[in-house]
Q: 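Got a structure here, written out as structure tokens. Questions coming.
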Amino acid sequence: MKLMNFVNGQFQQEAGAEFVPVINPATGEDLAQVQRSTAADVDEAVKVAKAAQKKWALVPAPKRADYLYEIGRLMKERKEHLATVLTKEMGKVIEEGRGEVQEGIDMAFYMAGEGRRMFGETTPSELADKFAMSVRAPIGVVGLITPWNFPVAIATWKSFPAIVAGNTFLWKPATETPMMAYEMAKIFQEAGLPDGVANIVFGSGSEVGTAMIEHEGIRVISFTGSTDTGRKVAELGGRHLKKVSLEMGGKNAVIVMDDADLDLAVDGILWSAFGTAGQRCTACSRVIVHKDAKEQLQQRLLDKMEKLTIGDGMDESIKVGPVINKKALEKIHSYIEIGKEEGAQLVRGGEILTGGHYDKGNYYAPTLFVGVTPEMRIAQEEIFGPVISLIEVASFEEAIRVNNGVIYGLSSSIFTADVNRAFKAQRDLDTGIVYINAGTTGAEIHLPFGGTKGTGNGHRDSGVAALDVFTEWKSVYVDFSGRLQRAQIDNEA
Ligand code: NAD
């Protein structure tokens with residue numbers, strides 16, 4: 001199968017295009033070939049998107065929303081097929097694949113509802129016979145750059161608010177996971193979305209991503225990916241005066257206090273640390289545990305880690321799938337030596353799995369380090385794999401300090417039975433998302449999603465907040481007095 005760019009409502013022709021393979025991380029099998037686009041392809045798609053946007057902005061928002069209802073309906077109808085494609089190209093287990101598709105469906109219906117809200121403000125004027133209000137205006141052509149770990153959900157967090165707000169878009173999916181984008185293109189086409197509203201350009205970050213950021217026809221760049229790439233996107237975007245929304249890396253922690261329900265905490269840690277093989281931006285990679293709970297927690301974690309099944313996510317009995325590629329496998333493994341050299345104790349895992357079907361895919365053993373101190377690199381840097389570090393603390397205050405002592409600020413969690421501590425924690429944890437008595441993952445689409453410090457630059461995906469990225473505020477004053485009225489001057493009279 002050859003995956004071609006989707007521009008102006010059509011899949012482009014193959015002639016002269018270059019391709020790269022799409023590989024199933026569980027089996028090593030070639031799934032498809034994807035177009036490797038150039039800056040010229042970006043330019044062509046921007047021209048199309050720009051022309052389409054003028055008309056699209058004039059379609060009433062509730063009518064724009066009708067397309068989202070249809071897109072959501074088609075996604076729902078095809079949920080199992082989409083989840084299967086997702087699991088094959090990305091590797092997360094099928095149950096999580098279904099969950100991710102569901103997130104996209106939820107986002108479609110939720111954002112469709114915005115077509116009849118998209119509230120602005122009406123406010124009294126300081127002058128007589130004058131009316132004042134603010135409205136959300138579309139921005140134009142927007143650029144969406146997405147990572148491989150959530151091939152569809154993140155794209156829906158960005159493209160659906162962009163659509164309902166009256167923008168047209170160019171979406172560059174990650175090279176590793178273009179098949180979900182291809183499936184979405186077919187859905188956009190079948191839903192009858194007008195040509196040129198949704199455009200998908202496949203290719204590398206350095207070539208296609210850069211061309212999008214530099215293109216004068218694109219007004220907004222909404223990026224999700226690593227902090228290193230996000231910094232480059234912001235630098236280049238800044239030079240071109242783009243509005244840049246960044247959702248980046250994380251080093252998320254679960255805090256377990258001495259009064260916590262330890263079985264519940266273990267379940268929360270396992271789900272958030274080893275789900276998606278630790279490759280969620282919100283994955284738990286640090287466990288900050290009170291010294292009085294440490295021995296018990298460690299033992300229960302080890303007991304349950306023992307039972308985790310690792311393999312191809314298409315098998316319903318598997319709990320931990322592969323990691324995305326060989327490079328990721330090597331990066332994760334490099335942190336084992338780093339941890340040992342720093343003096344941490346490896347008590348489980350720490351190896352690339354080999355033998356039998358493991359040899360065909362990219363499998364890493366769920367790993368636990370103990371005796372980790374907060375300044376160690378394994379406790380500071382995003383490993384993005386199934387590796388957790390246990391850090392012992394002596395008090396609630398120390399736990400909060402350790403949680404906040406990293407450059408990232410995406411998600412955090414605390415297990416405690418003390419309601420006062422729970423409320424203090426939600427106030428003091430410096431992250432964009434806080435969970436009480438649940439792990440670090442599990443965001444719902446109607447609340448803002450994003451992080452503080454090195455994780456973000458103040459914008460949010462998802463929720464109504466997503467509209468802020470894709471709209472400009474326009475303040476409108478209507479003076480019906482029939483005479484010159486000067487604000488701040490004539491109101492003295
Ligand atoms: P990445 O930064 O390597 O790539 C992300 C996207 O940016 C890809 O589409 C890539 O092709 C593109 N890109 C690469 N270089 C570029 C450049 N110079 N200019 C423009 N675009 C460029 O990230 P990844 O490995 O695909 O994803 C994993 C990372 O994403 C992790 O750090 C994870 O924490 C983060 N993430 C964050 C969130 C969030 O909402 N905060 C969600 C998911 C993933």
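Position 1 is the first residue of the sequence; numbering continues from there. No hydrogens, no waters, no symmetry mates; every other heavy atom, side chains included, goes into these values. We count ligands from 1, going down the list as the structure has it; atoms in each ligand are counted the same way. In this text, all values refer to a predicted model and were calculated from it rather than measured experimentally.
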Q: Please verify whether a non-hydrogen atom of N149 lies at under 4.0 Å from ligand 1.
A: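 N149 counts as a contact of ligand 1 under the 4.0 Å cut-off.
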
Q: Within a distance under 4.0 Å of any heavy atom of F449, pick out the atoms of ligand 1 and give their elements.
A: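 In order of number, 39 (C), 40 (O).
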
Q: Before accepting this row, confirm whether a basic side-chain N of the pair R280/E96 lies closer than 4.0 Å to the acidic partner's carboxylate O.
A: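 A salt bridge is present here (some side-chain N lies under 4.0 Å from a carboxylate O).
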
Q: Below 4.0 angstrom from a heavy atom of G209, which ligand 1 atoms are there? Numbered from 1 as shown, please.
A: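 Counting atoms of ligand 1 from 1, those under 4.0 Å from G209 are 20 (C), 21 (N).
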
Q: Check each atom of ligand 1 against the heavy atoms of T229 and keep those under 4.0 Å away; list them by number with element.
A: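 What qualifies from ligand 1 is 1 (P), 2 (O), 3 (O), 13 (N), 14 (C), 15 (N), 16 (C), 17 (C), 22 (C).
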
Q: At a non-hydrogen distance cut-off of under 4.0 Å, which region of T224 contacts ligand 1 (side chain, backbone, both, or neither)?
A: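 Both of them.
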
Q: What protein heavy atom is closest to atom 28 (C) of ligand 1, reported as residue, atom name and distance in Å?
A: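 Heavy-atom neighbour on the protein nearest atom 28 (C) of ligand 1: F384 CE2, 3.6 Å.
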
Q: Within the 4.0 Å heavy-atom shell around S226, which atoms of ligand 1 are there?
A: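 The list of qualifying atoms is 1 (P), 2 (O), 23 (O), 29 (C), 30 (O), 32 (O).
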
Q: Identify, for atom 34 (O) of ligand 1, the protein heavy atom at the shortest distance, and state residue, atom and that distance.
A: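 Looking at atom 34 (O) of ligand 1, the protein heavy atom closest to it is E382 OE2, 2.6 Å.
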
Q: Hey, are E44 and K47 close enough for a salt bridge, meaning a charged N less than 4.0 Å from a carboxylate O?
A: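 A salt bridge is absent here (no side-chain N lies under 4.0 Å from a carboxylate O).
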
Q: Could you identify the single nearest non-hydrogen protein atom to atom 22 (C) of ligand 1 and state the distance to 0.1 Å?
A: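 Protein heavy atom with the smallest distance to atom 22 (C) of ligand 1: G205 CA, 3.3 Å.
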
Q: Any salt bridge linking E235 with K232? Criterion: basic side-chain nitrogen under 4.0 Å from a carboxylate oxygen.
A: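 A salt bridge is absent here (no side-chain N lies under 4.0 Å from a carboxylate O).
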
Q: In the protein, what heavy atom is nearest to atom 12 (C) of ligand 1, and what distance, to one decimal place, separates them?
A: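 That would be I145 CG2, 3.6 Å.
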
Q: Give me the residue, atom name and distance of the protein heavy atom closest to atom 42 (C) of ligand 1.
A: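 Looking at atom 42 (C) of ligand 1, the protein heavy atom closest to it is C281 SG, 2.9 Å.
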
Q: Is there a side-chain contact between P151 and V85 (heavy atoms, below 4.5 Å)?
A: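 Contact flag for P151/V85 side chains = no.
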
Q: With the side chain counted from C-beta on, respond yes when W157 and V469 share a heavy-atom pair under 4.5 Å apart, and no when they do not.
A: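 Of all side-chain heavy-atom pairs linking V469 with W157, none is under 4.5 Å.
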
Q: Can you confirm whether something in the protein, heavy atoms only, sits under 4.0 Å from atom 9 (O) of ligand 1?
A: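 At least one protein heavy atom is under 4.0 Å away.
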
Q: Going through the distances and angles, do Q189 and Q10 end up as a side-chain contact (heavy atoms from CB on, under 4.5 Å)?
A: CA-CA 8 Å; Q189 207 175 35; Q10 301 300 322; 4.2 Å; yes

Q: Looking at atom 27 (O) of ligand 1, what's its closest protein heavy atom, distance included?
A: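 In this structure, atom 27 (O) of ligand 1 has P147 CB, 3.3 Å as its nearest protein heavy atom.
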
Q: Please state whether the rings of F169 and F188 are parallel, tilted or perpendicular, taking 30° and 60° as the class boundaries.
A: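 Aromatic pair F169/F188 classed perpendicular.
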
Q: Identify the closest protein heavy atom to atom 11 (O) of ligand 1: which residue and atom is it, and at what distance?
A: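 Looking at atom 11 (O) of ligand 1, the protein heavy atom closest to it is K172 NZ, 2.8 Å.
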
Q: Near T146, which atoms of ligand 1 are under 4.0 Å from a heavy atom of that residue?
A: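 Every atom of ligand 1 under 4.0 Å from some heavy atom of T146: 6 (C), 8 (C), 9 (O).
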
Q: Can you tell me how far the CE atom of M314 sits from the OG1 atom of T84, to the nearest 0.5 Å?
A: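 Between M314 CE and T84 OG1, I get 4.5 Å after rounding to 0.5 Å.
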
Q: Just need the protein heavy atom nearest to atom 35 (C) of ligand 1, so name the residue and atom and give the distance.
A: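 Result for atom 35 (C) of ligand 1: G225 O, 3.1 Å.
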
Q: Short N/O distance, under 3.5 Å, between W157 and ligand 1?
A: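 Among all N and O atoms of W157, none is under 3.5 Å from an N or O of ligand 1.
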
Q: State the atoms of ligand 1, each with its element, that fall below the 4.0 Å cut-off from a heavy-atom position in I154.
A: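 Answer, ordered by atom number: 42 (C), 43 (C).
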
Q: Within the 4.5 Å heavy-atom criterion, are E190 and R78 side-chain neighbours or not?
A: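 Yes, at least one pair of side-chain atoms sits under 4.5 Å.
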
Q: So for ligand 1, is T227 a polar contact partner (N or O within less than 3.5 Å, distance only)?
A: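 No, no N or O pair falls under 3.5 Å.
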
Q: Apply ring pair (Phe, Tyr, Trp, His ring centres under 6.0 Å) to residues Y110 and F160 and explain how you reach the verdict.
A: CA-CA 9 Å; Y110 175 73; F160 294 172; over 10 Å; no

Q: With under 30° as parallel and over 60° as perpendicular, where do the rings of W148 and F384 fit, or are they tilted in between?
A: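 Ring orientation, 0 to 90° scale: perpendicular.
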
Q: With a 4.0 Å cut-off on heavy atoms, does W148 reach ligand 1?
A: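 Yes, W148 has a heavy atom closer than 4.0 Å to ligand 1.
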
Q: Under a 4.0 Å N-O cut-off, is there an ion pair linking E183 with K186?
A: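 Looking at K186 together with E183, the answer is yes, because their closest N to O distance falls below 4.0 Å.
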
Q: For C284 versus T440, what's the shortest heavy-atom pair and its separation?
A: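 So the minimum-distance heavy-atom pair works out to N-OG1, 3.2 Å.
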
Q: Geometry only, no angles: is M248 polar-contacting ligand 1 at N/O separations under 3.5 Å?
A: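 Min N/O separation from ligand 1 is below 3.5 Å for M248.
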
Q: Any nitrogen or oxygen of V233 lying under 3.5 Å from a nitrogen or oxygen in ligand 1? Just yes or no.
A: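 In fact, backbone or side chain, V233 has no N or O that close.
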
